[in-house]
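Positions are given from 1, in the same order as the sequence printed here. Every heavy atom of this structure was used, including side-chain atoms; hydrogens, water molecules and symmetry mates were not.
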Amino acid sequence: MDPDSGAKPPEGGASAVPRGEGKSSRRRKAKRNGKRRDAAPVTNSEAVDSAASAGRPNSQEPNPSARKRKRRRAKSAGAQQPVQGANIAPAAQQVPVRGEGGQQPHSAKSSSRNRRKKNRGGRGLQGRPLTPAKAAPGVAKAPAPAGSGQVSSKDVRGRAGAESPGAEQRGEKFSYVNDLYAALDLGTNNCRLLIAQPTRPGQFRVVDAFSRIVRLGEGLGTSRRLSQDAMDRAVEALRICATKLANRPIRRMRLIATEACRAAENGEEFLARVISETGLELEIIDRETEARLAVSGCSSLVGREARSVVLFDIGGGSSEIAVIRIDDSRSSRLANHITHWTSLPVGVVTLSERHGGRDVTPEVFSAMVTEVEGMLAGFDCPPLAAFRRQGAEDFHLIGTSGTVTTLAGVHLDLPRYDRRKVDGLWLSDAEVSAMQAKLLSWDFAGRAANPCIGPDRADLVLAGCAILEAIRRRWPSQRMRVADRGLREGLLTDMMADDGVWRRVRPRRTGGNQAGSQGAGGQDEAGARR
């Protein structure tokens with residue numbers, strides 16, 4: 001019989017053909033293994049599962065290379081699929097399972113190391129903040145901190161860094177990131193408010209600001225009383241300030257009133273009206289406190305090389321002058337170095353009302369300078385020449401008022417006043433003289449047309465220049481620094497220092513010039529000046 005015909009040989013008979021014997025032998029083996037043919041075949045997945053659950057490879061795999069592949073697949077399947085019956089935490093809370101002896105599996109160790117390397121400091125490989133994990137469906141989102149809707153993305157990153165364990169291990173503290181401080185200054189000419197957050201030591205970032213010319217001291221020099229119109233303007237501005245303060249979680253605030261309320265016979269009555277109509281309780285400060293606050297607000301503008309400084313604050317109804325001498329043991333609070341101070345009972349409003357501020361001739365200007373010089377003559381202060389080193393530029397003036405900021409804006413020929421360019425600017429003695437001569441040559445309409453002066457200051461700026469000229473004659477200096485900051489910044493600095501917010505700060509990063517961002521809030525408040 002043809003072996004390829006497929007005919008079945010006689011049962012039990014032996015074929016003489018060797019190839020036939022091979023077939024019958026295979027059939028007998030198949031009969032002996034009949035039960036195994038009838039049983040359900042074992043799939044690869046079941047073999048892998050059984051091997052993984054037993055902790056060993058499939059012993060029935062005939063091929064050694066396939067057995068190795070099965071082992072690798074079993075290990076990967078065991079690492080990805082949890083063992084049934086184990087208590088598995090949510091993915092965000094899982095902790096790598098340790099083997100016997102407390103050792104982590106190799107794969108778990110390496111993945112943990114990689115995660116630490118990528119997520120170090122809460123940032124990705126390119127330095128960008130990591131995307132926050134999305135909340136599971138049906139899980140309520142945690143409420144944001146009060147006032148967080150007004151916080152920039154930079155501040156949100158700061159809070160995230162403070163809460164991460166890595167930041168704590170690096171010694172970074174951000175407990176004050178959400179703290180808001182407020183300072184309000186109701187002066188003779190302006191009503192000003194600042195709301196700020198502390199940042200680097202001695203510095204803060206302005207969150208909100210408000211400034212309005214109210215001329216509270218209008219007519220005060222003759223009547224000794226605050227007029228009804230002036231009080232109405234001030235109360236209206238204070239209502240805006242009260243709304244801003246009520247809409248933010250202020251940790252601490254200080255609200256002050258200066259010369260107009262000090263000198264007015266009805267000053268206390270006015271403050272009682274402010275409480276009843278706005279809810280704000282203002283504090284009348286004395287002149288010494290006003291001088292110290294002006295120094296505190298401008299402390300960052302005093303260079304390390306300075307040995308003596310004369311700081312002046314030309315206000316609407318008074319002008320404060322502080323003489324500062326700095327020795328080798330420099331205090332963190334510049335106000336501690338004040339050796340002499342005075343408060344002149346004259347400001348831009350009172351002086352312009354006495355001499356006229358619209359049509360100022362050179363003769364009128366000279367008369368104003370002479371009046372202020374007479375007031376300064378009674379100020380008993382030793383000359384500063386003994387405290388200056390020969391040939392060293394260790395003495396300069398600092399002016400904080402609308403007068404000096406106006407001079408700086410005119411000097412820079414700005415199309416619009418910009419405090420970022422004005423605050424901290426150095427002016428030489430010749431430049432100050434040139435700007436005063438230019439303003440004196442303009443009439444009222446010319447001064448009002450200048451964008452850095454405007455109609456609200458056109459009748460006051462030359463009176464301020466007369467006060468400045470008298471100060472320059474008393475303390476000649478080759479340079480003067482302009483400060484668009486003052487009492488509000490001093491109030492904020494003192495409150496933050498008293499609370500100790502700068503004792504626990506993030507370590508300063510090397511590189512980058514941070515100068516000019518201090519105190520007055522850097523570029524955050526443009527145009528808010530006296």
Side-chain angles (χ1 to χ4, degrees), residues 189 298 301 309-321 344 346-377 395-415 417-419 421-484 486 529-530:
N189 195 43
C298 302
L301 296 182
V309 174
V310 172
L311 185 145
F312 57 91
D313 181 4
I314 303 175
S318 66
S319 298
E320 280 65 44
I321 301 173
L344 306 181
V346 63
V348 295
V349 175
T350 55
L351 194 61
S352 64
E353 287 181 349
R354 284 203 291 269
H355 294 268
R358 291 181 61 92
D359 301 319
V360 181
T361 64
E363 292 76 20
V364 173
F365 183 79
S366 177
M368 288 191 288
V369 174
T370 301
E371 180 181 346
V372 179
E373 282 185 311
M375 296 179 183
L376 283 175
F395 169 74
H396 63 85
L397 301 175
I398 293 182
T400 165
S401 65
T403 298
V404 293
T405 57
T406 297
L407 286 175
V410 174
H411 168 72
L412 296 174
D413 196 19
L414 297 177
Y417 183 82
D418 187 352
R419 85 166 297 279
K421 297 180 179 179
V422 169
D423 185 49
L425 179 69
W426 288 98
L427 293 176
S428 67
D429 185 65
E431 289 171 339
V432 175
S433 299
M435 291 305 103
Q436 289 186 165
K438 178 184 288 190
L439 293 180
L440 190 58
S441 66
W442 292 347
D443 59 5
F444 177 81
R447 296 192 299 270
N450 187 279
C452 294
I453 301 175
D456 292 334
R457 301 177 184 274
D459 61 336
L460 304 176
V461 62
L462 285 176
C465 288
I467 300 174
L468 171 60
E469 179 64 22
I471 294 174
R472 293 172 62 215
R473 292 180 183 181
R474 175 67 186 271
W475 293 282
S477 175
Q478 294 300 315
R479 55 182 185 153
M480 179 183 73
R481 197 164 197 186
V482 180
D484 189 349
R529 56 186 178 127
R530 293 184 184 276

Residue list, salt bridge (Lys or Arg N to Asp or Glu O under 4.0 Å) with Asp456, at least two apart or on another chain: none
With sequence neighbours excluded, residues passing ring-ring contact (aromatic ring centres under 6.0 Å, His included) with His411: none
Phe395 vs Val310 side-chain heavy atoms within contact, under 4.5 Å: yes
Which residues share a side chain to side chain contact (heavy atoms under 4.5 Å, CB included) with Val348, sequence neighbours left out: Ile314, Thr403, Leu460
Minimum side-chain heavy-atom gap Trp442-Val410 below 4.5 Å: yes
Distance (rounded to the nearest 0.5 Å) between Met375 CE and Ile321 CD1: 11.0 Å
Glu320 backbone acceptor or donor facing Asp313 side chain under 3.5 Å: no
Separation between CG of Asn450 and OG1 of Thr406, rounded to the nearest 0.5 Å: 8.5 Å
From CD1 (Ile398) to CH2 (Trp426), nearest 0.5 Å: 6.5 Å
Heavy-atom closest pair, residues Ile453 and Arg447: CB-O, 3.3 Å
Listed partners of Thr350 passing side chain to side chain donor-acceptor pair (under 3.5 Å), at least two apart: none
Beyond-backbone contact of Phe312 with Arg472, side-chain heavy atoms, under 4.5 angstrom: no
Residues in salt bridge (Lys or Arg N to Asp or Glu O under 4.0 Å) contact with Glu373, at least two apart in sequence or another chain: Arg473
Minimum heavy-atom distance between Pro455 and Phe444, given as atom pair plus value: O-CZ, 4.5 Å
Partners meeting side chain to side chain donor-acceptor pair (under 3.5 Å) with Arg479 (sequence neighbours left out): Glu305
Considering all heavy atoms, the nearest Pro451-Leu414 contact: CG-O, 3.4 Å
Test item: Leu407 and Leu439 side chains (from C-beta on) under 4.5 Å apart, heavy atoms: yes
Partners meeting side chain to side chain contact (heavy atoms under 4.5 Å, CB included) with Ser366 (sequence neighbours left out): Thr370
Residues that Asp459 engages under side chain to side chain donor-acceptor pair (under 3.5 Å), provided they are two or more places apart: Arg215
Residue pairs involving residues 351-362 (criterion side-chain hydrogen bond (donor to acceptor under 3.5 Å, both in side chains); sequence neighbours excluded): Arg354-Glu371, His355-Glu371, Thr361-Glu363
Side-chain heavy atoms of Leu301 within contact of Asp423, under 4.5 Å: yes
Exam field: side chain Ser319 to backbone Val346, donor-acceptor pair closer than 3.5 Å: yes
Gln436 CD to Phe365 CZ distance, which is reported to the nearest 0.5 Å: 5.0 Å
Nearest-0.5 Å distance that lies between atom CG in Leu412 and atom CG in Asp418: 9.5 Å
N/O donor-acceptor pair under 3.5 Å between Arg481 side chain and Gly424 backbone: yes
Heavy-atom closest pair, residues Ala466 and Met368: CB-CB, 3.6 Å
Heavy-atom check, side chain of Leu351 versus side chain of Val372, under 4.5 Å: yes
Side-chain heavy-atom pair Met480, Asp429 within 4.5 angstrom cut-off: no
For the student: nearest non-hydrogen atoms of Val422 and Ala408, plus distance: CG1-CB, 3.8 Å
Straight-line distance of Cys465 SG to Leu440 CG, nearest 0.5 Å: 8.5 Å
